[in-house]
Amino acid sequence: MAMATTAAAGGPGASLSPDELLPKGDAKKTEEELEEEDDEELDETLSEGLWGLTEMIPERVRSAAGATFDLSVFVAQKGYRFSRAAWWIGTTSFMILVLPVVFETEKLQILLGPNTGLSGGVPGARPSLPGKI
């Protein structure tokens with residue numbers, strides 16, 4: 001009888017079911033409540049968290065990474081400015097030097113026919129007489 005009361009009271013050697021081991025009452029929480037608790041614990045912003053992580057990285061590595069980032073920004077800015085200037089020079093030069101030739105060639109082909117620019121002349125036409133222009 002003494003053994004039965006010890007087992008019922010949860011004494012040594014007593015086997016308890018998993019339900020008996022879980023806390024009773026309002027211990028069961030939904031996933032939403034657990035997520036809300038996790039959100040409440042995070043009071044720092046992302047930038048504060050990243051700034052806190054810098055303590056783990058040595059100063060030498062941080063300064064090298066910062067210098068590399070600054071250099072890449074500088075090179076990107078210079079490359080952008082150069083490409084803008086090169087694009088402007090290229091397009092304006094094309095418009096001044098090439099487009100007039102293209103327009104005149106097109107105008108001649110419309111007025112005189114498509115074979116006007118050939119060095120052999122127009123096929124089937126009479127040859128020009130020497131001394132006359």
Side-chain angles (χ1 to χ4, degrees):
M1 175 118 173
M3 188 67 125
T5 54
T6 307
S15 61
L16 300 174
S17 69
D19 293 334
E20 293 173 343
L21 293 174
L22 292 174
K24 304 285 188 248
D26 293 334
K28 294 182 180 178
K29 295 184 179 180
T30 63
E31 286 186 33
E32 292 178 3
E33 292 173 344
L34 292 174
E35 288 178 10
E36 288 176 8
E37 286 181 6
D38 288 342
D39 292 340
E40 290 172 3
E41 292 174 9
L42 299 175
D43 291 336
E44 63 184 22
T45 63
L46 178 63
S47 61
E48 291 172 342
L50 291 175
W51 187 258
L53 288 175
T54 59
E55 296 173 356
M56 296 174 58
I57 301 170
E59 177 63 32
R60 192 172 182 186
V61 174
R62 284 185 282 162
S63 63
T68 303
F69 177 77
D70 291 340
L71 179 64
S72 64
V73 168
F74 175 77
V75 168
Q77 287 175 342
K78 288 294 183 180
Y80 175 69
R81 289 184 188 133
F82 174 77
S83 65
R84 267 190 353 192
W87 184 257
W88 174 257
I89 291 169
T91 54
T92 54
S93 297
F94 177 79
M95 289 173 25
I96 292 171
L97 299 174
V98 177
L99 282 181
V101 174
V102 170
F103 291 148
E104 287 299 319
T105 304
E106 189 70 26
K107 185 170 74 172
L108 286 175
Q109 285 182 355
I110 290 172
L111 293 176
L112 302 175
N115 294 328
T116 305
L118 297 177
S119 62
V122 178
R126 292 187 290 172
S128 62
L129 298 172
K132 294 196 177 185
I133 299 178

Quiz item: Glu106: what forms a side-chain hydrogen bond (donor to acceptor under 3.5 Å, both in side chains) with it, not counting sequence neighbours?
Solution: none

Quiz prompt | Hydrophobic cluster membership, Phe82 vs Trp88, 4.5 Å side-chain cutoff | solution = no

Quiz prompt | Same cluster (ILVMFWY, side-chain, under 4.5 Å), Leu50 and Met56 | solution = yes

Exercise. Provide the full list of salt bridge (Lys or Arg N to Asp or Glu O under 4.0 Å) pairs with a residue in residues 50-66, sequence neighbours left out, each pair given once.
Key: Glu59-Arg62

Self-check item: Other cluster members, Tyr80 - Ile/Leu/Val/Met/Phe/Trp/Tyr, side-chain contacts below 4.5 Å
Solution: none

Quiz item: Mind checking what makes side-chain hydrogen bond (donor to acceptor under 3.5 Å, both in side chains) contact with Thr45, not counting sequence neighbours?
Solution: Ser47

Exercise. Hydrophobic side-chain clustering at under 4.5 Å (ILVMFWY, transitive links): who's grouped with Ile110? Put none if nobody.
Key: none

Practice problem: Could I get the full list of salt bridge (Lys or Arg N to Asp or Glu O under 4.0 Å) partners for Lys107, not counting sequence neighbours? | Solution: Glu104

Quiz item: When Ile, Leu, Val, Met, Phe, Trp and Tyr are grouped by side-chain heavy atoms lying under 4.5 Å apart, directly or through other members, which residues fall in the same group as Val101?
Solution: none

Hey, can you pull the donor-acceptor pairs under 3.5 Å for the side chains in residues 70-78, sequence neighbours left out?
from	atom 1	to	atom 2	distance (Å)
Ser72	OG	Thr68	O	3.3
Ser72	OG	Phe69	O	2.7

Exercise. Return each pair, listed once, that meets salt bridge (Lys or Arg N to Asp or Glu O under 4.0 Å) where at least one residue sits in residues 83-98; pairs must be two or more places apart or across chains.
Key: none

Exercise. Could I get the full list of side-chain hydrogen bond (donor to acceptor under 3.5 Å, both in side chains) partners for Ser93, not counting sequence neighbours?
Key: none

Quiz item: When clusters are formed from ILVMFWY side-chain contacts under 4.5 Å, directly or step by step, what else is grouped with Val102?
Solution: Phe94, Met95, Ile96, Leu97, Val98, Leu99, Phe103

